[in-house]
> 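Before anything else, here's the structure in question.
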Amino acid sequence: MSAQIENIVIAGAGQAGGRAAEALRAKGFQGAITMLGEEPHPPYERPQLSKEMLHAPDVPVSYIKQAGDWQDKLGVRLETGAAVTDCDADRRTVSTTDGRSFAFDRLLIATGTRPRRFAALENCGLDVQYLRNVEDALRFRKSIQNKSRLVIVGGGVIGLEAACAAAIMGCAVTVIESEQRLLARAFPSIVSDLVAAKHRSHGVGFIFGTTVSGATADGVTLCDGRMIAADLVLVGIGVESVPTVADRLGLPSATGIAVDANGRTAAPGVFCAGDAALQWSRCHGRAIRVETWANAQNQAISVAANMIGEASEYNDPPWFWTDQYDLNIQVAGDMLDSDHIVRGDTRSGKFSVIAMRGSDVVGALSVNAAKEMAVLRRVIAASKRPARADLESRAYDLRTALK
């Protein structure tokens, strides 16, 4: 079937687009591959933007490949600064912002997401930043080196990783979180409390149950009337879909572009991978956007195989990690609306939490227990059903569940 496909266009030159291009060549596809990216950079992985790059003043950006290597080593045409803005379904072409047109036999939409803007902070006279691309990370890193009074709106993973880096740099950091605890949509309360305590021990302050209503050049105003002095605000309130050529193809994209287990959309010959894809999650029992490093890589590789005729279903449970000071926290599957089993001593800072619905293991979280998480991820992926009594026993070897 691959012989019938001459041109593959990848709309998006991020991690998903780059890994898909690599996989196409690794699987022997000999046709033309064109990768079109909005940013001026070659493909890179985003976790570094809120991790390594913020913790040292001179850590460079790590690219999947240098710009010239895409063509020289893989024969992939990479066009940066070339966002895809239009698609002609009949002629099977996409167009970029500069008016160029590219023909395709197969199209992969890998345009990712963008930060959700906070309307109350637009044009307020205060330095308001978001963290999504290389330029954002470099700008924020320079800002926190000045030991700013920093307010972070949103107590999610990105905001907390930024808080960690800023506190270490000597900034006075306050996190504003509209929920009553941190990461309420991903963490059980026992871990939320642990993370909050760790941040407080490094001088980070928290205000829960409210949000920002406005700002002046001197700081932000909360909905309850309080004023928090600030030189800098970082907004981390989640992401939203990027308007893409999907709309031109009649594919709704407001909550993500719906795909099947092979990455196919409802439009013939059009696939979607990475953060932009709305895919079924068995753990969650519904279709979700999976906004993680692992999904951007592994789902894209699977979708690439399907684009050239191989049968490759992708149903890995979602998985991500975050580093908060000396805490390495990993989450697999879904931790909400479930019963939780704690394994290990929470006071030691090394333990796991297993999420169950009935007899199904639907999620797991580990704190400084990477080896145990590696096994739990396999248990979840294989839909194993170890007995609850076994999981509750600290003497039980989780590897037994895989036999």
> Less than 6.0 angstrom from the centroid, inside 45 degrees of the normal: does Arg377 satisfy that with respect to the ring of Trp319?
yes
> Answer with yes or no whether the side chains of Asp247 and Ser253 bring together a donor and an acceptor at under 3.5 Å.
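Side chains of Ser253 and Asp247: pair found under 3.5 Å.
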> Kindly compute the distance separating CE (Met373) from CZ (Arg378), expressed to the nearest 0.5 Å.
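The CZ atom of Arg378 is 14.0 Å from CE of Met373, to the nearest 0.5 Å.
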> Testing the 3.5 Å rule here: is there a donor-acceptor pair between the side chains of Thr96 and Glu79?
no
> To the closest 0.5 Å, what do you measure between CG (Leu376) and CG (Leu365)?
10.0 Å
> Mind listing the closest non-hydrogen atom pair of Val290 and Pro318 along with its distance?
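Residues Val290 and Pro318, closest heavy atoms: CG1-CB, 3.9 Å.
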> Supply the atom-to-atom distance Met35 CE to Thr80 OG1, rounded to the nearest 0.5 angstrom.
10.0 Å
> State whether the side chain of Arg77 and the backbone N or O of Thr34 hold a donor-acceptor pair below 3.5 Å, judged by distance alone.
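Flag not set: sc Arg77 to bb Thr34 has no pair under 3.5 Å.
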> Do the side-chain N and O atoms of Arg289 and Ser241 include a donor-acceptor pair separated by under 3.5 angstrom?
yes
> For Arg114, run the salt bridge (Lys or Arg N to Asp or Glu O under 4.0 Å) check against Glu39, Glu240, Glu38 and tell me which one passes.
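Going through Glu39, Glu240, Glu38 one by one, the salt bridge (Lys or Arg N to Asp or Glu O under 4.0 Å) with Arg114 is satisfied by Glu240 alone.
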> Going by atom types alone, do Gln279 and Asn295 pair a side-chain donor with an acceptor below 3.5 Å?
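There is such a pair (donor and acceptor under 3.5 Å, judged by atom type) between the side chains of Gln279 and Asn295.
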> Considering only heavy atoms from C-beta outward, does the side chain of Phe351 approach that of Ser366 to under 4.5 Å?
no
> Return yes if some donor-acceptor pair links the side-chain N/O of Glu177 with the main-chain N/O of Glu179 below 3.5 Å, else return no.
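Confirmed, Glu177 side chain pairs with Glu179 backbone.
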> Is Arg399 atom CZ crowded by more than 12 heavy atoms from other residues, nucleotides or ligands, each under 6.0 Å away?
no
> Judged by modelled atom types alone, do Thr113 and Arg132 share a side-chain donor-acceptor pair under 3.5 Å?
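Yes - a donor-acceptor pair under 3.5 Å links their side chains.
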> Looking at Gln324, I'd like to know if its CD atom is crowded, meaning that more than 12 non-hydrogen atoms belonging to other residues, nucleotides or ligands lie closer than 6.0 Å.
yes
> Can a donor-acceptor pair be found, under 3.5 Å and without considering hydrogens, that links the side chain of Arg92 to the backbone of Asp105?
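Flag set: sc Arg92 to bb Asp105 pair under 3.5 Å.
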> How far does CG of Leu391 sit from CD1 of Ile354, to the nearest 0.5 angstrom?
4.5 Å
> Nearest 0.5 Å, what's the CG-CE distance between Asp224 and Met227?
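Here the rounded value is 13.0 Å.
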> Centre of Phe206's six-membered ring, under 6.0 Å away, within 45 degrees of the axis: is that where NZ or CZ of Arg200 sits?
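Pair Arg200/Phe206 does not count as cation-pi.
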> Test Phe102 against every option in Leu107, Val84, Leu36 by the side-chain contact (heavy atoms from CB on, under 4.5 Å) rule and name the one that passes.
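Testing Phe102 for a side-chain contact (heavy atoms from CB on, under 4.5 Å) against Leu107, Val84, Leu36 leaves exactly one candidate, Leu36.
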> Could you give the distance from OH (Tyr44) to CD (Gln15), rounded to the nearest 0.5 Å?
11.0 Å
> Return yes when atom CZ of Arg248 has more than 12 non-hydrogen atoms of other residues, nucleotides or ligands closer than 6.0 Å, and no otherwise.
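No, the 6.0 Å shell around CZ holds no more than 12 heavy atoms from other groups.
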> Side chains of Gln330 and Asn328: do they bring a donor and an acceptor to under 3.5 Å?
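Their side chains do contain a donor-acceptor pair, which is all the 3.5 Å distance test asks for.
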> Tell me the closest heavy-atom pair linking Cys283 and Pro317, and the distance in Å.
SG-CB, 3.8 Å
> For the residue pair His41 / Tyr63, report whether a side-chain donor-acceptor contact shorter than 3.5 Å exists.
yes
